[in-house]
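All ligand and atom numbering here is 1-based and tracks the order in the structure.
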Amino acid sequence: MSKNKIVVAYSGGLDTSVMVKWLSQKYDAEIITVTGNLGQKAELEGLEEKAKATGASKSYIADLQEEFITEYVWKSLKAGTLYEGQYPLACAIGRPLLAKLMVDVAKAEGANLVAHGCTGKGNDQVRFEVGIQSLAPDLKIIGPLRDWEFKSREDEIDYAIKNEIPIQISKESPYSIDENLWGIATECGVLEDPKAAPPEGAFQITENPKNAPEQSTTVSISFEKGIPTAVNGIELPPVELVKYLNDIGGKNGIGRIDMIENRVVGIKSREIYEAPAAIILHKAHMELEKLIMDRETFRYKQDVSNKISNLIYDGLWYSPLFNALMSFVETTQEFISGEIVMELYKGNMTVQSRDSEFSLYNKELATYSKDDVFDHKASDGFMKIFGLPYRTICKVHQKEETANVVG
Ligand code: ARG
């Protein structure tokens with residue numbers, strides 16, 4: 001009987017394959033692998049057999065796509081979270097769900113340890129470990145990549161061959177890629193030079209806007225209480241809806257993001273993202289809020305969005321502040337129902353039409369035509385009061401200036 005039971009977050013790649021064997025030896029442990037399907041294209045078929053051939057006693061593969069969209073992506077969309085104004089947080093919202101999967105399996109299997117394959121300078125170790133600690137404070141966590149003896153990919157391959165670990169030694173991609181339904185993140189290789197434009201090969205699901213079709217694509221998106229429910233009038237299940245928008249957005253060159261971002265560990269990194277559905281939906285959702293939400297809530301929500309973005313990025317999904325701020329967000333979404341029509345064209349999106357039964361836009365108030373019902377005379381007194389502090393300031397400051405000149 002092994003002393004320990006370890007649940008390992010497993011992708012079937014070189015690092016996590018080597019990890020399975022390494023952990024079983026180092027900790028005299030029984031290994032259970034877990035893999036979450038968040039819509040990544042990586043091969044899941046045959047993964048269970050592969051894990052077992054590597055020495056795992058059990059292998060879980062969980063299809064989390066629906067849960068990912070409804071419990072994680074939709075919350076982030078309603079909150080309007082784009083980290084540092086750009087990144088839709090695809091990877092960052094996937095990690096807490098994977099952390100929950102690891103905890104669930106560890107509890108079901110009576111495991112005393114969990115392990116992940118993150119490096120010591122990334123954000124994902126933070127999201128996994130803070131997520132796991134928030135859900136299961138007594139579970140011990142191991143991050144072997146931070147301190148094992150292997151210094152290079154070659155060292156790992158040598159170990160794999162010696163230990164008869166099944167690995168596919170394919171031509172190594174120059175990039176590190178993380179993918180799920182909400183977006184793809186690509187870094188490393190030539191992308192590490194911020195002076196260099198990303199080569200075309202760094203993109204997988206988006207057309208170069210220059211080569212996108214000459215014909216635009218018009219798409220209408222319906223929302224109910226802040227959640228997208230239909231595209232072009234056809235109701236779609238959440239996963240299908242996101243896949244469809246990734247497809248048509250990608251074809252029209254929408255969703256490419258090239259940014260320098262601030263990591264949790266204090267360094268700046270350069271990442272390329274492809275997130276057509278996320279970019280389209282954030283834009284459409286924001287347009288609808290502009291039509292429906294009252295001014296003070298809209299302004300306040302911008303600050304809240306920014307705070308929630310930082311919390312998600314920093315791995316604090318399961319924190320009291322995240323929950324509290326999300327309660328605020330939920331309240332604001334009560335009337336965010338309606339339809340936005342957008343035209344997608346060569347990397348750009350333009351709004352064609354906005355419509356909602358809860359629209360606060362009132363044409364009679366907004367118009368400059370004879371139908372105008374706005375009380376222009378009322379503005380006279382309003383201007384006097386609204387400008388009062390500034391008349392006061394100006395007088396006081398002018399007095400000081402005069403005093404300076406004279407004195
Ligand atoms: N920078 C992104 C984040 O922290 C993605 C991290 C993973 N990136 C990658 N290319 N493997 O959420």
Contact check, side chains of K283 and V351, non-hydrogen atoms, under 4.5 Å: yes
Side-chain touch R256/Y273, heavy atoms, less than 4.5 angstrom: no
Can a side-chain donor-acceptor contact be found between [Y] and [X] if the only test is distance below 3.5 angstrom?
X	Y	result
H376	D372	yes
S17	T54	no
T217	N252	yes

Y83, portion touching ligand 1 at heavy-atom distance under 4.0 Å: neither
Region of E271 engaging ligand 1 - heavy atom pairs below 4.0 Å: side chain
Atoms of ligand 1, numbered as shown, that sit under 4.0 Å from any heavy atom of R127: 3 (C), 4 (O), 12 (O)
For N123, the ligand 1 atoms whose distance to one of its heavy atoms is below 4.0 Å: 3 (C), 4 (O)
For [atom], grab the closest protein heavy atom and report residue, atom and distance to one decimal in Å.
atom	result
atom 11 (N) of ligand 1	S176 OG, 3.0 Å
atom 12 (O) of ligand 1	Y87 OH, 2.6 Å
atom 7 (C) of ligand 1	D124 OD2, 3.9 Å

Sub-4.0 Å heavy-atom approach of E261 to ligand 1: yes
Y273 heavy atom under 4.0 Å from ligand 1: yes
Polar proximity ligand 1 side, A185 side, N/O cut 3.5 Å exclusive: yes
Presence of salt bridge, E129 and R146, under 4.0 angstrom: yes
Passing option when R354 is tested against L291, V341, I292 for side-chain contact (heavy atoms from CB on, under 4.5 Å): L291
